Structure formats: structure tokens, C-alpha cells
Q: 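The following block contains the structure, expressed as C-alpha cells.
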Amino acid sequence: MSAGLFGLLDDIAVLAKLAAASVDDVGAAAARASAKAAGVVVDDTAVTPQYVQGVAAKRELPIIKKIAIGSLRNKLLFILPAALLLSEFAPDWVLPVILICGGTFLAYEGAEKIWERVSGHGAEADDAPAAEISPEQEKTMIAGAVRTDFILSAEIMVIALNEVAAEAFVARAVILAVVAVGITILVYGVVAAIVKMDDVGLSLAQRSSAAAQRIGLGLVKAMPRLLATISVVGIAAMLWVGGHILLAQLHELGVDPPYDAVHHLEVAVHDAVGALGGVLGWLTNTAASAVVGLVVGAIVVAVMHVLPFGRKHGAAH
């Protein structure tokens, strides 16, 4: 009897170890997939704060919460099932084509933001004072943010899917769900911290402690620079990630020359500089990808501003 009990306990222990290993595998795969989508995550984090600029402070967190819920709904209810069905039933060339479309969109968005800065468009609202908005205006703002998030979320999920395409169907679904929840929490947690940083600074600046006042004033002064830095990083990430996706997925479809040229340049730099070869080689690849993204994005921007609906978009952006 005791031998049977110990055997059962041994079986349970083995199953527990297998379950723990599976959880570890899912976590590791989700981390790898999330890392591949890091550039788009940075872009998503950089884009979102603009939706609460000029909004009264008491509505910032509720609006971010609603956008985050919409983002999670996008990922879990729409994008995840569609991605799984595509990966299961679509031909092999479909995923690279979808990624190329997404990479082109990212390159276009990055180039469009550069065009706005160079041309002076889209900067008028940056200095607008905080104001109360009606529930209808808030609802419209949130809907627009969720629509933009849908495109970025789709790109994140497809990049993650591409990394776990070899996994079994159930494992793929679990990994992508983990990626969806984890990235949403990360992005909107960081966004919430960013938009409330000046409020925390003001609160500290009003305290009696000299140290608290210095920290508070430092946070308030740092906020504009932080937002400016995030904006620049977001634009760079869009160009880099968009260009890299285009190079890699064209290579997947058999269009090798652009990918090979960048790869040979990366190897040449790697071999030429010794100990720093890995870092400088990666930076070379990143810079070249960003240039590709900028060129492709600039072409799309030029086309969009020539077309009637493109001019309308540029004027309203």
C-alpha cells in the first residue's frame, strides 16, 4: 500500500516537474517573442502619451485605462485568433507578406512624423493648456487611440507569431496570449508613469522638505525633455523596425540582395573592429535598416501627399 502511495507521489512529482518545465518554456518563448517586437513596443509606448496631452489631470489615468482595455481586447479577441488561423491554414508566404505590409506602415509612420517636424505641421497642439473635454469627445479620443493601437498590436502579435511558428498550436496560443497580456501591462504601465510624472513632481515640490522640493522640481523640468526623447526614440524605432522587417521578410520570400548587402556590411564592420565588433556590427545593421525604413517611408509619404485622401490625412494628422 505504502509502495503504491509513494509511486503515486513520484508520478505526481514528475508531472509537476513537467508542468513547471512547460511554464518555463512558455515564459522563455514569450520573452523571446516579445524581445523581437521590442521596437514596435517602444513605438506604442511613445505614441500613446499624445492622446492625453491637453487633457485635465484627473482624466489622464482613466483614459489610459480605457485605451489599455481596448488594446487587450484587440489582441486577445481579434488579432490572436486571426493570427492563429493564419499560421495554421494559410500558405507559408502569407505571414511574410503581412509583415512586409506592417513594416511598410511603420516606415511610413516614422517618415510622416519626420515630415511633420520638418514642415512644421502637427505641432500646434503641443502647447495647448489642459482642459475639460466632454464625455463624447473623450469617447472619440479613446476610439481613435484604440484604432491606432490595433495596427501596432497586430504588428507586435505577428512578429511574435513569426518567432513561435514552429510550436504546437496550443503552445502557440498560450505564448501569444502571454505576450499580449505582458506587453499591454508593460506599455500602459510605462505610459501611466510617464503622464503622471509631472503631477508627482508638483506634489513633491509643494512639500516642506528641501530634498523633496529639489526632486519634485527636477521631475517637472525633466518631463518635457523625457517626452521629447521618447518621441525621437519612437520615430527611430519605427524606421529601424520597419526597415528590418522589410529586409528580413523580403529575404524570406527569396528577394535576397537588400538583406545580403546589409548583412555583408554588418560582417565587415564586425571583423574590422575587434572586441567591439558585436556591438558596432549590430549598430551598423540597425542604422542600415533605419535608412531602408526612411527611404521606403519617404516614398509612401510622397505618394500619400499626392493622392487626394493622402493630402486629407496629412492635413488632419
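Every heavy atom of this structure was used, including side-chain atoms; hydrogens, water molecules and symmetry mates were not. Quick caveat: nothing in here was measured; it's all calculated off a predicted structure.
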Q: Locate the shortest heavy-atom distance separating A180 from L76; write the atom from each residue and the value.
A: CB-CD2, 3.8 Å
Q: Please indicate whether H263 has more than 12 foreign heavy atoms, meaning atoms of other residues, nucleotides or ligands, lying under 6.0 Å from its NE2.
A: no
Q: Can you measure from CD (E116) to CD1 (I235) and round to the nearest 0.5 angstrom?
A: 8.5 Å
Q: Given side chains that start at C-beta, do those of I114 and L239 come closer than 4.5 Å, heavy atoms only?
A: yes
Q: Does either side chain, that of S289 or that of N285, offer a donor lying less than 3.5 Å from an acceptor on the other one?
A: yes
Q: A quick test of your reading: do over 12 heavy atoms of other residues, nucleotides or ligands sit less than 6.0 Å from CG of D92?
A: no
Q: Report the distance from atom OG1 of T104 to atom CG of L246, rounding to the nearest 0.5 Å.
A: 4.5 Å
Q: So, for Q213 and R207, which heavy atoms are closest and what is the spacing to 0.1 Å?
A: NE2-O, 2.5 Å
Q: Give a yes or no on whether V181 and V190 share a hydrophobic cluster (residues Ile, Leu, Val, Met, Phe, Trp, Tyr; joining criterion: side-chain heavy atoms under 4.5 Å apart).
A: yes
Q: Determine the minimum heavy-atom distance between G216 and L204, stating which atoms define it.
A: CA-CB, 3.7 Å
Q: Do M238 and L106 have side-chain heavy atoms sitting under 4.5 Å apart?
A: yes
Q: Which pair of non-hydrogen atoms, one from L161 and one from A83, has the smallest distance, and what is that distance?
A: CD2-O, 3.4 Å
Q: Is L253 close to I100 at the side-chain level, that is, under 4.5 Å between some pair of heavy atoms?
A: yes
Q: Anything under 30° is parallel, anything over 60° is perpendicular, the rest tilted; go ahead and classify H251 against Y259.
A: parallel
Q: Distance check, rounded to the nearest 0.5 Å: M223 atom CE versus D198 atom CG?
A: 5.0 Å
Q: Check whether any side-chain N or O of T284 sits under 3.5 Å from a backbone N or O of L280 as a donor-acceptor pair, and report yes or no.
A: yes
Q: In this structure, would L77 and L85 fall into the same cluster of hydrophobic residues linked by side-chain contacts under 4.5 Å?
A: no
Q: Quick check for you: to the nearest 0.5 Å, what is the distance between I156 atom CD1 and L176 atom CG?
A: 12.0 Å
Q: Please confirm whether the backbone N or O of V97 pairs with a side-chain atom of Q249, one donor and one acceptor, at under 3.5 Å?
A: no
Q: Should V291 and V267 be counted in the same cluster of Ile, Leu, Val, Met, Phe, Trp and Tyr side chains packed under 4.5 Å apart?
A: no
Q: If hydrophobic clusters are built from ILVMFWY residues whose side chains come within less than 4.5 Å, do L265 and V295 share one?
A: no
Q: Which heavy atom of V179 sits nearest to which heavy atom of A160, and what is that distance?
A: CG1-CB, 4.2 Å
Q: Judged by modelled atom types alone, do D149 and S71 share a side-chain donor-acceptor pair under 3.5 Å?
A: yes
Q: Rounded at 0.5 Å granularity, tell me how far CD1 in I159 sits from CD1 in I245.
A: 3.5 Å
Q: For the CG atom of N74 and the CZ atom of R147, what is their distance to the nearest 0.5 Å?
A: 11.0 Å
Q: Is there a side-chain contact between F150 and I79 (heavy atoms, below 4.5 Å)?
A: yes
Q: Is it true that F169 and L86 fall in one hydrophobic cluster, defined by side-chain heavy atoms closer than 4.5 Å?
A: yes
Q: Indicate yes or no: at least one non-hydrogen side-chain atom of E252 is less than 4.5 angstrom from one of L95.
A: no
Q: Evaluate the side-chain proximity of E88 to R172: yes if any heavy-atom separation is below 4.5 Å, no if none is.
A: yes
Q: Taking all non-hydrogen atoms of both residues, which atom of P258 and which atom of L247 are closest, and how far apart?
A: CB-CD2, 3.5 Å
